Amino acid sequence: MKLSVPGRAAATAVVAVSLLAGGSMTGGSIAGAAPAAAPRAAAAPDISVAAVKAHLTQLQSIATANGGNRAHGRAGYRASLDYVKAKLDAAGFITTIQQFTASGRVGYNLIADWPGGDTDQVVMAGSHLDSVSSGAGINDNGSGSAAVLETALAVSRAGLQPAKHLRFAWWGAEELGLVGSRYYVNSLSTANRSRISGYLNFDMIGSPNPGYFVYDDDPAIEKTFKAYFTGLGVPTEIETEGDGRSDHAPFKNAGVPVGGLFTGASNTKSAAQAAKWGGTAGLAFDRCYHSSCDTTANINDTALNRNSDAVAYAVWELSA
């Protein structure tokens with residue numbers, strides 16, 4: 001793992017690296033004094049869907065300039081990673097590029113830590129950044145990647161100081177069998193795995209004929225997402241189509257609490273679901289799944305907006 005800390009003072013980097021390695025910083029208290037009440041965490045911000053779509057436009061441009069895709073081992077994937085990394089570095093994150101090999105090609109994960117918070121309690125939010133080789137992968141999974149990126153940038157803009165430590169991740173080679181996320185989880189010591197109090201996964205959250213699906217793996221995380229959608233008056237269903245098929249699976253298999261959101265892939269929307277959510281019954285949630293038509297035209301703005309806000313809501317709530 002190579003730590004990249006551009007533009008940061010060396011002293012800051014040393015403190016951050018110490019915290020990421022599991023160190024801690026404690027302060028003294030006055031004997032006999034009553035403990036100060038913990039400040040109430042600020043409400044999560046509204047995530048601008050225009051900002052999320054601007055990231056998708058950039059990912060589309062990267063794909064167009066690199067053979068039409070952002071697949072593992074291709075120039076479009078590395079350009080996508082460099083785009084995300086530059087945004088995070090400028091926002092004050094500590095970024096790490098993790099390298100691995102799959103199918104004879106070099107792949108990369110991007111990990112971004114927000115300095116501060118209890119590193120014995122890490123809340124992670126992640127998404128896979130690679131596409132299939134047949135298309136630009138804007139819903140699958142530019143949508144999740146862009147929403148996680150804009151949430152991370154919102155953390156920076158807010159100067160958020162959560163009780164728990166925040167970590168964001170963009171995985172490589174998911175489309176080849178969850179290779180990047182599995183590599184990351186396997187590279188962690190048992191102690192560092194136990195420090196992850198929750199991993200939130202976002203894979204396809206802007207499907208053009210969307211459903212609103214919530215993972216039912218960890219009850220506390222599931223309850224958090226359901227509370228957000230209940231507040232919108234949007235009913236949800238338990239996610240089953242992608243169960244075990246995305247980057248939450250390696251974390252779950254390692255005993256980490258997981259949760260996430262999904263708007264549907266190749267499964268067909270039922271009449272009951274269309275009555276509940278709108279859209280067209282009898283058509284796939286995403287007719288362009290793993291196809292060349294998965295472009296910026298393949299996004300439902302309402303679903304992307306709601307789910308992007310849900311990402312931020314969960315990050316704020318679960319890290320408080």
Side-chain angles (χ1 to χ4, degrees), residues 46-57 59-60 63 127-128 131-132 134-148 150-151 174-175 200-217 221-248 259-314:
D46 178 60
I47 299 298
S48 164
V49 71
V52 177
K53 290 185 71 177
H55 298 313
L56 295 181
T57 297
L59 294 177
Q60 177 69 66
S127 58
H128 76 86
S131 72
V132 291
S134 59
I138 297 303
N139 187 39
D140 185 18
N141 182 39
S143 61
S145 294
V148 172
E150 193 56 31
T151 296
E174 187 269 358
E175 298 291 4
L200 314 177
N201 194 61
F202 305 99
D203 189 353
M204 302 180 66
I205 60 170
S207 301
N209 189 30
Y212 292 89
F213 299 100
V214 176
Y215 296 10
D216 66 341
D217 297 285
I221 298 174
E222 178 187 0
K223 181 179 178 181
T224 300
F225 284 124
K226 285 185 172 180
Y228 171 77
F229 283 103
T230 296
L232 291 184
V234 175
T236 60
E237 291 184 9
I238 297 303
E239 196 284 309
T240 58
E241 181 181 4
D243 197 20
R245 292 169 51 191
S246 192
D247 294 297
H248 60 292
L261 301 174
F262 180 61
T263 50
S266 57
N267 279 7
T268 299
K269 178 177 277 189
S270 70
Q273 288 170 329
K276 179 163 50 179
W277 293 321
T280 306
L283 292 183
F285 294 103
D286 184 355
R287 289 180 291 174
C288 291
Y289 176 63
H290 283 187
S291 300
S292 60
C293 58
D294 188 8
T295 65
T296 50
N298 191 47
I299 291 290
N300 180 285
D301 288 2
T302 299
L304 184 67
N305 189 27
R306 288 170 171 171
N307 282 283
S308 296
D309 287 339
V311 175
Y313 177 84

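Only this structure's heavy atoms are used, side chains among them; waters, hydrogens and symmetry mates stay out. Predicted model, so just to flag it, every value in this text is computed and none were measured.
Between the Glu239 side chain and the Gly260 main chain, no donor and acceptor come within less than 3.5 Å of each other. In this structure, the side chain of Glu241 engages the main chain of Ser266 through a donor-acceptor pair within 3.5 Å. Panel note: side chain Asn307, backbone Ala303; a donor-acceptor pair is recorded below 3.5 Å. Asn141 places a side-chain N or O within 3.5 Å of a backbone atom of Met204 that can act as its donor or acceptor partner. When atom types are taken as modelled, the side chain of Asn139 and the backbone of Gly206 share a donor-acceptor pair closer than 3.5 angstrom. Formation of a donor-acceptor pair under 3.5 Å by the Asp286 side chain with backbone atoms of Ser207 is not found in this model. For Asp294 (side chain) and Asp140 (main-chain N/O), a donor-acceptor pair under 3.5 Å exists by modelled atom type. Between the Ser291 side chain and the Cys293 main chain, no donor and acceptor come within less than 3.5 Å of each other.
Ring geometry for Phe225 versus Phe202: interplanar angle over 60°, hence perpendicular rather than tilted (30 to 60°).
To the nearest 0.5 angstrom, Lys269 atom NZ is 4.0 Å from Asn209 atom CG. Taking OG from Ser127 and CG from Leu261, the interatomic distance works out to 12.0 Å, rounded to the nearest 0.5 Å. Rounding to the nearest 0.5 angstrom, the gap separating the CZ atom in Phe285 from the CG atom in Asn267 is 6.5 Å. Here the CZ-OG1 distance, from Arg287 to Thr268, works out to 11.0 Å after rounding to the nearest 0.5 Å.
Considering every non-hydrogen atom in both Ala146 and Leu56, the closest pair reads CB-CD2, 3.7 Å. Heavy-atom minimum distance, Ala314 versus Thr224: CA-CG2, 4.0 Å. Taking every heavy atom of both residues into account, Asn300 and Thr302 meet most closely at OD1-N, 3.1 Å. For Ala284 against Ala265, the heavy-atom pair with the smallest separation is CB-O, 3.9 Å. Closest heavy-atom contact between Ala281 and Ala271: CB-CA, 3.7 Å. Contact between Ile47 and Ala312 at its shortest, heavy atoms only, is CG1-CB, 3.6 Å.
The ring-ring contact (aromatic ring centres under 6.0 Å, His included) search around Tyr289 returns none, not counting sequence neighbours.
With contacts defined as side-chain heavy-atom distances shorter than 4.5 Å, the pair Thr295/Gln60 qualifies. With a 4.5 Å cut-off on side-chain heavy atoms, Val311 and Leu200 do not count as touching. Residues Ile299 and Ser143 form a side-chain contact, since some pair of their non-hydrogen atoms from C-beta on lies under 4.5 Å apart. The shortest distance between side-chain heavy atoms of Asn298 and Ile138 does not fall below 4.5 Å.
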Listing, residues 229-238 side-chain donor-acceptor contacts under 3.5 Å, not counting sequence neighbours, or none:
{"from": "Thr230", "atom 1": "OG1", "to": "Lys226", "atom 2": "O", "distance (Å)": "2.8"}
{"from": "Glu237", "atom 1": "OE1", "to": "Gln273", "atom 2": "NE2", "distance (Å)": "3.0"}
{"from": "Glu237", "atom 1": "OE2", "to": "Lys276", "atom 2": "NZ", "distance (Å)": "2.6"}

Which donor-acceptor pairs under 3.5 Å do the side chains of residues 210-217 make with protein atoms, sequence neighbours left out?
{"from": "Tyr212", "atom 1": "OH", "to": "Arg306", "atom 2": "NH1", "distance (Å)": "3.1"}
{"from": "Tyr215", "atom 1": "OH", "to": "Asn201", "atom 2": "ND2", "distance (Å)": "3.1"}
{"from": "Asp217", "atom 1": "OD1", "to": "Lys252", "atom 2": "NZ", "distance (Å)": "2.6"}

task = Go through the steps to decide whether Asn305 and Asp301 satisfy the test side chain to side chain donor-acceptor pair (under 3.5 Å), and finish with yes or no.
result = CA-CA 6 Å; Asn305 189 27; Asp301 288 2; over 6 Å; no
ask   = Given the rule in the side chain to side chain contact (heavy atoms under 4.5 Å, CB included) test, do Glu174 and Ser246 qualify, once you have shown the distances and angles that lead to the verdict?
value = CA-CA 7 Å; Glu174 187 269 358; Ser246 192; 3.8 Å; yes
key: Derivation and outcome, side chain to side chain contact (heavy atoms under 4.5 Å, CB included), residues Asp203 and His128   = CA-CA 7 Å; Asp203 189 353; His128 76 86; 3.2 Å; yes
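Other residues, nucleotides and ligands contribute only 12 or fewer heavy atoms inside 6.0 Å of the NZ atom of Lys53.
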